[in-house]
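Heads up, the thing below is written out as structure tokens.
Keep in mind that this is a model prediction, so the values were computed, not measured.
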Amino acid sequence: MRRSSYFLPILKENPTEAQIVSHRLMLRGGMVRQSAAGIYTWLPLGLRVLRRIERIVREEQDAAGCQELLMPTIQPAELWRESGRYDVYGKEMLRITDRHEREMLFGPTNEELITDIFRQAVKSYRDLPKLLYHIQWKFRDEIRPRFGVMRGREFLMKDSYSFDLDYAGAKRAYNKMFVAYLRTFARMDLKAIPMKAESGPIGGDMSHEFIILADTGETEVFCDRSLIEYDVLRDSVDFDGDLEPYIKRWTQYYAATSDKHDPAAFAALPVERRVTARGIEIGHIFYFGKKYSEAMKATVTGPNGEAVAVEMGSYGIGVSRLVGGIIEANHDDAGIVWPKSVAPFQVGIINLKPGDADCDAASQETYRKLNESGVETFLDDLNESPGSKFATMDLIGLPWQIVIGPRGLKKGIVELKERRSGKREELSTESALSRVLS
RNA sequence: CGGGGCGUAGCUCAGCCUGGUAGAGCACUGCUUUCGGGAGGCAGGGGUCGCGAGUUCAAAUCCCGCCGCCCCGACCA
């Protein structure tokens, strides 16, 4: 992509409304624009990141045996009356009346809808288990949206729902999602720590929030340092095999958000292993048993011919929130530092002197070769001052920068800069390309 | 929803207290000199001062109402 034709409205100064770093950088870097409180337009650069995150989430859900479908954003109120949540949900739910005076709502979540789909179609225990997900926009009319896309009213979320005949089955589904989440976040270079979370009226230990540590996090968290020292889960996983070892490994140490914090248990840890920090919740997995299946009569015929309400769980990942969360965890004074797996482009080429025949030719050639090798490349071909172009490239945080200028070309070299380390090397174009491609 | 703050050019803000007919920097347009870490010169364009109603000869400025946005709290992926 050439910058001269790309819709990338960079802001040089910090908008006053943005208080936290990810929000500021997303506005300044031309990723999003606010439309109303907590509601954002995703501009081309931001959308690229959102899509890349979405793709990782999708691949890992698929790998865990979860099947994608797509439910609507607008739901009939009727279903929510069935589950009893229509009145319970309160003002956070955006209610809409259509032209026929039918009560509708913009979905804040999809348990009712998926349960309805499920009960219409699945009648026998032989058809279980089922694990379904979708990635869809949700709306929760938060009293006070803040932190940009991290706490918007409209947000993109992946939510999965499991249906099983019994608790053992539900536990297997829970474990699959637990491990899938470890892998998903690892691919984004995030150190996500599963922490005990509120499990509601069902009780038990089948609720975890996946938290990344960041000073700007909304919640106070407490955990054993061992969890931070762990490597993230990069192994390939057999989701049909025994997942308990993974669960044990990641739940053996103390980790809780302030809601579930047990000061006594925490105090029992050696002082040097106690970590108190701020965290951002990026995922939540939750077993809730028969809460919806009983209320909405989602039953299957069991082995003995009896009607059995199915065991359910739901599993969310805040996809749009992750964009902000990843920035919170990956930035410096100059701007964003994207992990390669979610970067909007892998390489940014800076043509320091557009109009100069040598610079143009070298930039074009490098750009062409990278694109032909399947590397998504951004070429800054604007006729701005060099300093401004360096600053912009640092701001948008592409993993690699290739700086092509007349001074270097005279010596047959370009400059390759790794955004994260800031390390700059002068290399031939060929070596720069092979470094980036390796 | 309680408490606090802000709304003046695309962005950051000054002007408001003490009313006199709108400014700066950056951005933008043209020309030009520059050209390796947010360049310089010259010349331009751009604002019913959030909206409405008042007071006044006169309102960005004072009064009242409304709307929007931000921050703290309670609530939340």
Rounding to a whole Å, what distance do you find between [X]:[atom1] and [N]:[atom2]?
X        : N     : atom1 : atom2 : result
A/Asn14  : B/C69 : CG    : P     : 21 Å
A/Arg144 : B/G3  : CZ    : P     : 15 Å
A/Tyr40  : B/A77 : OH    : P     : 18 Å
A/Glu218 : B/C72 : CD    : C1'   : 14 Å
A/Phe210 : B/A77 : CZ    : P     : 15 Å
A/Ile282 : B/C76 : CD1   : C1'   : 16 Å
A/Asp259 : B/C76 : CG    : C1'   : 11 Å
A/Glu209 : B/C76 : CD    : P     : 11 Å

As a test of reading the structure: which of [options] is closest to the side chain of [X], going by heavy atoms?
X        : options             : answer
A/Arg146 : B/A74, B/A77, B/C70 : B/A74
A/Met157 : B/A74, B/C69, B/A77 : B/A77
A/Gln34  : B/C70, B/C26, B/A77 : B/C70
A/Ala37  : B/A77, B/C69, B/C75 : B/C69

Considering only atom [atom1], compute the distance from [N] to [M] and round it to an integer number of Å.
N     : M     : atom1 : value
B/A60 : B/G4  : C1'   : 23 Å
B/G2  : B/A59 : C1'   : 33 Å
B/C49 : B/G38 : C1'   : 30 Å
B/G73 : B/G36 : P     : 47 Å
B/G7  : B/C16 : C1'   : 13 Å
B/C17 : B/C63 : C1'   : 15 Å
B/G46 : B/G25 : C1'   : 16 Å
B/G50 : B/C72 : C1'   : 24 Å

Between [X] and [Y] (salt bridge meaning N to carboxylate O under 4.0 Å), is one present in this structure?
X        : Y        : value
A/Arg24  : A/Glu17  : no
A/Arg278 : A/Glu218 : no
A/Glu111 : A/Lys291 : no
A/Arg85  : A/Glu112 : yes

Checking all strands, does [X] fall into the base, sugar-phosphate, or nothing category for heavy-atom contacts under 4.0 angstrom?
X        : result
A/Ala36  : sugar-phosphate
A/Pro15  : sugar-phosphate
A/Gly152 : base
A/Gln19  : sugar-phosphate

Quiz prompt | Residues in side chain to side chain contact (heavy atoms under 4.5 Å, CB included) contact with A/Leu395, at least two apart in sequence or another chain | solution = A/Ile10, A/Leu25, A/Arg28
Quiz item: Base, backbone or nothing for each nucleotide of nucleotides 31-42 of chain B, written B, S, -, heavy atoms under 4.0 angstrom, 5' to 3'?
Solution: -----BBBB---
Quiz item: On a plain distance test, is the side chain of A/Arg151 in donor-acceptor contact with the base of B/C76 below 3.5 Å?
Solution: yes
Quiz item: Between the base of B/G68 and the side chain of A/Glu17, is there a donor-acceptor distance below 3.5 Å?
Solution: no
Quiz item: Without hydrogens or angle criteria, can the side chains of A/Asp159 and A/Tyr161 be said to hold a donor-acceptor pair below 3.5 Å?
Solution: yes
Quiz item: Do we see a donor-acceptor contact under 3.5 Å between the side chains of A/Gln120 and A/Asp116?
Solution: yes
Name the pairing partner of [N], where a pair is Watson-Crick or G-U wobble with both distances under 3.5 Å, or state none.
N     : answer
B/A9  : none
B/C76 : none
B/G52 : B/C64
B/G30 : B/C42

Can you classify the ring geometry of [X] versus [Y] as parallel (below 30°), tilted (30 to 60°) or perpendicular (above 60°)?
X        : Y        : result
A/Tyr174 : A/His208 : tilted
A/Phe185 : A/Phe210 : tilted
A/Phe345 : A/Tyr6   : perpendicular

Quiz item: Where each residue is assigned the nucleotide of RNA chain B containing its nearest heavy atom, which of A/Glu281 and A/Thr16 is assigned the position nearer the 5′ end?
Solution: A/Thr16
